[in-house]
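Written out below as structure tokens is the structure these notes cover.
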Amino acid sequence: MNEQRFKKEERLSHKKDITLLFSQGKSFFVTGYLIKWKIAGNPLPSPVQVLITVPKRNFKKAVDRNTIKRKIKEAYRNNKKPLYELILQKGVHLQLGIVYTGKRMPTYNEVEEKILLILRQAKKEYEKSVS
RNA sequence: GGAGCAGAUUAUCCUGUCGCACCGGUUUUUCCGGUGAGGAAAGUCGGGACACUGCAGAGCACCAUACUUCCUAACAGGAAGGUUUCGGGUAACGCCGAAAACAGCCAGUGCCACAGAAAAUAACCGCCCCGCAUGGGGUAAGGGUGAAAAUGUGAGGUAAGAGCUCACGCGGAUGUGUGGUGACAUGCAUCCGGGGUAAACCUUAUGGAGUGAAAGGCCAUGUAUACCGGGGCUCCGCUGAUGCGGAUAAGGGCUGCUCGCCCAAGCCCGGGGGGUAGGCCGUAUGAGGUUGCAGGCGACUGUAAUCCGAGAUAAAUGACAGGACAUGACAGAAUCCCGCUUAUCGAUCUGCUCUGUUU
RNA sequence: GCCGUUGUAGCUCAGGGGUAGAGCACUUCCUUGGUAAGGAAGAGGUCAUGAGUUCAAAUCUCAUCAACGGCU
């Protein structure tokens with residue numbers, strides 16, 4: 001599989017899964033971001049399913065929410081490879097929710113920096129809970 | 001030439017790498033090709049299409065609209081016109097521009113703070129008459145208060161005054177002539193002249209069921225029990241019986257109310273198939289766009305040719321690098337259309353205002 | 001996406017055409033050895049914003065903005 005891709009199977013799209021993730025999932029913070037994560041009970045179509053959200057409360061305009069989501073998606077797509085390798089090795093799948101809680105419009109470089117931090121932290125948490 | 005305001009049109013482009021959604025091909029997990037947000041997609045303010053639900057009927061209530069004619073599927077939209085008001089201009093008209101929720105306070109009711117004598121059948125001061133005076137009466141010319149105080153000018157008239165009378169105006173009602181499809185304009189006759197307010201209640205005229213794609217249809221899964229039909233169910237009469245006819249009425253339904261109409265609980269039998277999660281349809285060829293011709297002052301209509309231009313379901317257009325002078329404004333489709341309103345960088349055009357220079 | 005409600009003092013709310021109010025909170029003074037309670041006085045408002053109707057608008061009408069709620 002081409003690890004640069006970001007198909008629909010890699011996105012968390014079922015409503016039930018989303019409510020479960022937010023009610024039962026564990027969480028950690030990286031400045032400006034809230035991360036929800038949960039070990040999947042059953043195998044998923046993809047090693048990781050991810051959900052990206054920007055709250056309407058902080059950004060009233062749909063255009064702004066769209067651009068932030070696209071930037072996060074782009075940064076995730078370009079940097080997800082190490083996490084995937086780890087999970088394929090362990091064989092237990094993961095569900096992930098990324099919420100942007102900042103109040104102002106970030107640039108792409110800022111987003112990428114934070115996403116790298118988030119992925120590193122997620123790897124650590126995953127390793128701890130699997131072993 | 002510059003600045004400001006208002007309106008209209010337009011809404012950056014190209015190359016490379018990686019990536020997203022849909023469609024088609026190839027084929028079975030890859031590759032190739034095509035297409036991929038807006039003028040407002042926004043606000044959800046009007047109006048429809050479409051879908052389901054409801055509906056015996058009448059009255060009241062409620063809601064909406066409100067100069068005329070036309071356009072439109074329809075509208076609180078648009079076009080052309082009328083009237084009024086405001087501004088410019090003129091000696092004055094004519095004229096030019098802008099705006100208007102622009103039916104009716106001559107149907108009724110209510111309200112009009114403060115001030116003022118009085119805020120709607122007005123007497124405080126003043127004026128005049130009677131009277132020694134207190135006081136009584138007449139009077140809306142003059143004063144002052146107020147947002148608003150009783151049709152203007154002149155003459156007659158009178159104790160003083162007053163549409164009290166007359167002339168010419170102003171405003172209105174009724175009848176009628178002329179022009180216009182009509183709003184209306186204009187002429188004549190008669191009558192009237194005690195305000196404003198209907199975005200106060202209201203009157204008149206016209207129109208009006210409700211819910212929105214989370215509507216709704218189908219499939220698969222499949223069970224509470226909604227719903228439907230029959231039996232049974234209060235009293236009376238007729239009948240041998242089945243059955244038929246009548247009466248009573250709590251309650252429920254029919255748009256909020258009234259009239260009026262309709263239904264008949266629990267229980268048994270049969271039919272039937274809700275919710276949740278999922279898939280398909282609805283769903284993108286339409287009141288469609290472009291161009292030509294014809295009709296119309298115009299909005300628009302007719303006709304011919306031609307084109308197909310997003311379609312997701314947690315939701316697709318992005319990131320990076322480079323170039324053209326630059327990062328470009330407001331801003332992201334979710335059933336679909338027609339309007340309205342609001343937001344908007346730069347450029348172009350039109351109109352108005354101010355100002356500099358040249359002739 | 002669709003439907004609806006509300007914006008008035010620092011907070012919670014009245015007022016529905018005629019000089020903007022109540023309770024709590026705040027400030028000063030009295031009372032007390034001191035504090036609380038109590039009493040007296042005071043300050044604090046673009047009535048969300050912009051137009052319109054009216055002599056006059058927080059109130060009536062329209063537009064805009066913001067906050068909140070309901071429908072899966």
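What you see is a predicted model; the values in this text were computed from it and never measured. Letters go in sequence order (proteins before strands), and every chain restarts at 1.
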Watson-Crick or G-U wobble partner for B:C267, using a 3.5 Å limit on both distances?
B:G231
From CG of A:N79 over to C1' of B:G19, roughly how many Å is that when rounded to an integer?
14 Å
Using the P atom on both, measure C:C29 against C:U46 and round to a whole Å.
29 Å
With P as the reference atom in both, quote the distance from B:G88 to B:U353 in angstrom, rounded to an integer.
12 Å
Syn or anti for B:G108 (syn when the glycosidic angle lies within 90° of 0)
anti
Nearest-Å distance for atom pair CD1/C1', residues A:I72 and B:G19
17 Å
Quick one: NZ on A:K38 to CG on A:L96, what's the gap to the nearest 0.5 Å?
12.5 Å
Distance in angstrom units between A:N66 CG and B:A314 P, rounded
16 Å
Sort out the partner of B:C201 for me: Watson-Crick or G-U wobble, both distances under 3.5 Å, none otherwise.
B:G108
Considering Watson-Crick and G-U wobble pairs with both distances under 3.5 Å, what does B:C218 pair with?
B:G279
Round to the nearest Å and state the distance from A:I115 atom CD1 to B:A319 atom C1'.
14 Å
Please state the P separation for the pair B:U65 and B:C201 - nearest whole angstrom.
13 Å
Using Watson-Crick geometry (N1-N3 plus N6-O4 or O6-N4) or G-U wobble (N1-O2, O6-N3), each under 3.5 Å, C:G4 is paired with C:C68
Ignoring backbone atoms, establish whether A:R65 has a side-chain N or O less than 4.0 Å from OP1 or OP2 of B:G332.
no
Heavy-atom neighbours of A:E113 CD exceed 12 at 6.0 Å:
no
Complementary nucleotide for B:A115 - Watson-Crick or wobble, under 3.5 Å
none
Interatomic distance where OH belongs to A:Y76 and C1' belongs to B:G19 [whole Å]
14 Å
Expressed as a whole number of angstroms, how long is the span from A:D64:CG to B:A42:C1'?
14 Å
Contacts of A:N109 and A:K73 projected onto RNA chain B by closest heavy atom; the upstream (5') one is A:K73
Donor/acceptor link under 3.5 angstrom from A:R70 side chain onto base of B:G332:
yes
Using the C1' atom as the reference point in each nucleotide, state the distance between B:A40 and B:A61 in Å, no decimals.
42 Å
Partner lookup for B:A42, please. Criteria are Watson-Crick or G-U wobble with both distances under 3.5 angstrom; report none if nothing qualifies.
B:U341
Among residues at least two apart in sequence or on other chains, which ones pass side chain to side chain donor-acceptor pair (under 3.5 Å) with A:N66?
none
C:C24 pairs with, by Watson-Crick or G-U criteria that keep both distances under 3.5 Å:
C:G10
For A:L34, give me all partners under side-chain contact (heavy atoms from CB on, under 4.5 Å), at least two apart in sequence or on another chain.
A:S27, A:F29, A:V99, A:T101
Give a yes/no on whether any side-chain N or O of A:K61 is located under 4.0 angstrom from OP1 or OP2 of B:A331.
yes
Expressed as a whole number of Å, how far does the C1' atom of B:U327 sit from that of B:U28?
46 Å
What integer number of Å spans the P atoms of C:G17 and B:A200?
9 Å
A:K81 side chain near B:C18 phosphate (N/O to OP1/OP2, under 4.0 Å)
no
In Watson-Crick or G-U wobble terms, with both distances under 3.5 Å, the base opposite B:G94 is none
Residue whose closest nucleotide on RNA chain B lies nearer the 5' end, A:A62 versus A:L51:
A:L51
Which of parallel (below 30°), tilted (30 to 60°) and perpendicular (above 60°) describes A:Y33 and A:Y100?
perpendicular
Measure from the side chain of A:V63, starting at C-beta and using heavy atoms only, and say which of B:U317, B:C18, B:G332 lies closest.
B:G332
Take atom CE of A:M105 and atom P of B:A331, then tell me their distance rounded to the nearest Å.
12 Å
What distance, rounded to whole Å, do you find between the two P atoms, one in B:G195 and one in B:U109?
15 Å
Check the hydrophobic clustering (I, L, V, M, F, W, Y; side-chain heavy atoms under 4.5 Å; chains of links allowed) and say if A:W37 and A:L116 are grouped together.
no
Would you call A:E127 and A:K124 a salt bridge, taking side-chain N to carboxylate O under 4.0 Å as the test?
no
Whole angstrom is fine here: how far is it from CD in A:E74 over to P in B:U17?
16 Å
Say you pick atom P in B:A150 and the same atom in B:A122; how far apart are they, in whole Å?
13 Å
